[in-house]
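Everything below concerns the one structure shown next.
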Amino acid sequence: MLETHQDYMREALNQAAKALEADEVPVGAVIVHQGRIIARAHNQRELLRDPTAHAEMIAITQAAEALENWRLEGATLYVTKEPCIMCAGAMVQARVDTVVFGASDEKAGAAGSVVNLVEEPRFNHQVKVVAGVLAEESAGLLREFFRERCRSGRTGRSRKPLSA
């Protein structure tokens, strides 16, 4: 039985590894409610050609479906990289109780690194933050992905041609 933040983060890391295999930025997420994983996801922006297809967004949608409710009260979201502003906003809107993340994102993090949307006291809901759980493992996957991109000469642009 999974019981600790590290156990659930390892499940999120498994999802991030799937993203890495699919040549997506390796971010994985799981959502836990009442001691049970109700959602698992990884980044799928390239596959779906969808800028909103972040691991957290997909997991939130899955969790809402599993609970048959858009309110994810009592849920904890585990994600391998600090959420961006879009994902942080979705967590607030979904009423997620806690976000546990691995690697900080000093360029786009919205759970304390650049801004802290999830704990903003002026919002009607705040999400508790637990940072740095298995941070080195999470950061290692990201480094591996971006190192390979540099070696192969790929840029941040889409690897798939636009249809005419």
Side-chain angles (χ1 to χ4, degrees), residues 2 4-32 37-65 72 75-94 96 98-119 127-163:
L2 301 177
T4 69
H5 287 323
Q6 290 80 12
D7 291 331
Y8 291 119
M9 188 61 76
R10 282 187 188 88
E11 290 295 313
L13 282 163
N14 289 338
Q15 290 297 311
K18 290 180 182 182
L20 183 64
E21 289 170 18
D23 203 27
E24 298 273 358
V25 175
V27 177
V30 298
I31 297 181
V32 176
I37 295 175
I38 60 170
R40 287 179 169 86
H42 57 80
N43 275 1
Q44 296 182 43
R45 292 191 313 170
E46 298 297 337
L47 174 69
L48 300 176
R49 296 182 184 186
D50 180 354
T52 69
H54 289 201
E56 302 97 317
M57 300 296 285
I58 295 167
I60 287 168
T61 299
Q62 289 175 359
E65 193 172 303
L72 302 183
T76 299
L77 191 151
Y78 291 84
V79 62
T80 57
K81 184 173 77 63
E82 182 179 357
C84 70
I85 57 172
M86 173 182 66
C87 296
M91 287 177 219
V92 170
Q93 292 298 314
V96 170
T98 304
V99 60
V100 179
F101 69 85
S104 294
D105 185 345
E106 299 301 325
K107 292 184 178 181
S113 288
V114 177
V115 295
N116 192 347
L117 289 181
V118 295
E119 293 180 315
V127 180
K128 292 179 224 97
V129 175
V130 178
V133 176
L134 299 182
E136 188 51 42
E137 292 90 331
S138 298
L141 282 175
L142 292 162
R143 280 192 299 271
E144 178 183 341
F145 176 79
F146 288 110
R147 189 175 357 198
E148 179 56 35
R149 286 179 63 106
C150 287
R151 275 189 214 132
S152 67
R154 287 183 293 183
T155 65
R157 294 189 178 123
S158 174
R159 295 176 295 283
K160 296 176 179 144
L162 297 174
S163 52

Contacts of Ala59 that satisfy side chain to side chain contact (heavy atoms under 4.5 Å, CB included) - sequence neighbours left out: Ala29, Ile31, Ala39, Ala41
Applying salt bridge (Lys or Arg N to Asp or Glu O under 4.0 Å), can you list everything that pairs with Arg10, at least two apart in sequence or on another chain? Asp7
Which residue pairs satisfy the side-chain hydrogen bond (donor to acceptor under 3.5 Å, both in side chains) criterion with at least one member in residues 53-62, sequence neighbours excluded? none
Any idea which heavy atoms bring Ala135 and Gly102 closest together, and the distance? CB-O, 3.4 Å
Among residues at least two apart in sequence or on other chains, which ones pass side chain to side chain contact (heavy atoms under 4.5 Å, CB included) with Thr52? Asp50, Met86
N/O donor-acceptor pairs under 3.5 Å from side chains in residues 137-144, not counting sequence neighbours:
unit_1: Ser138; atom_1: OG; unit_2: Thr80; atom_2: O; d: 3.3
unit_1: Ser138; atom_1: OG; unit_2: Leu134; atom_2: O; d: 3.1
unit_1: Arg143; atom_1: NH2; unit_2: Glu136; atom_2: OE2; d: 2.3

More than 12 heavy atoms from other groups under 6.0 Å of CD on Gln6: yes
Just jot down the ring-ring contact (aromatic ring centres under 6.0 Å, His included) partners of Tyr78, sequence neighbours excluded, or say none. His5, Tyr8
Could you note down all residue pairs passing salt bridge (charged side-chain N to carboxylate O under 4.0 Å, His left out) where residues 80-91 supplies at least one of them, sequence neighbours left out? Lys81-Asp105
Taking C-beta and beyond as the side chain, do Leu77 and Val100 meet within less than 4.5 Å on heavy atoms? no
Between Arg45 and Glu24, is there a side-chain N and carboxylate O pair less than 4.0 Å apart? no
Take Val127 and Val92 through the side-chain contact (heavy atoms from CB on, under 4.5 Å) test and state the conclusion after the steps. CA-CA 6 Å; Val127 180; Val92 170; 4.2 Å; yes
Return the set of residues passing side chain to side chain contact (heavy atoms under 4.5 Å, CB included) with Val115 (not counting sequence neighbours), or none when no residue passes. Ile85, Ala110, Leu117
Correct closest heavy-atom pair for Ile37 and Glu11 would be CD1-CG, 3.8 Å
Residues in side chain to side chain contact (heavy atoms under 4.5 Å, CB included) with Glu106, at least two apart? Ser104, Ser113
Which distance, rounded to the nearest 0.5 Å, do you find between the CG of Leu13 and the CG of Leu20? 11.5 Å
Minimum side-chain heavy-atom gap Val129-Glu119 below 4.5 Å: yes
Taking atom CG of Leu72 and atom CE of Met91, what is their separation to the nearest 0.5 Å? 10.5 Å
Report yes if the side chains of Val96 and Thr98 come closer than 4.5 Å at any heavy-atom pair, otherwise no. no
Starting at NE2 of His42, measure out to CG of Asn14 and round the result to the nearest 0.5 Å. 11.5 Å
What do the steps show when you test Phe145 against Val25 for side-chain contact (heavy atoms from CB on, under 4.5 Å), and what is the final call? CA-CA 7 Å; Phe145 176 79; Val25 175; 3.7 Å; yes
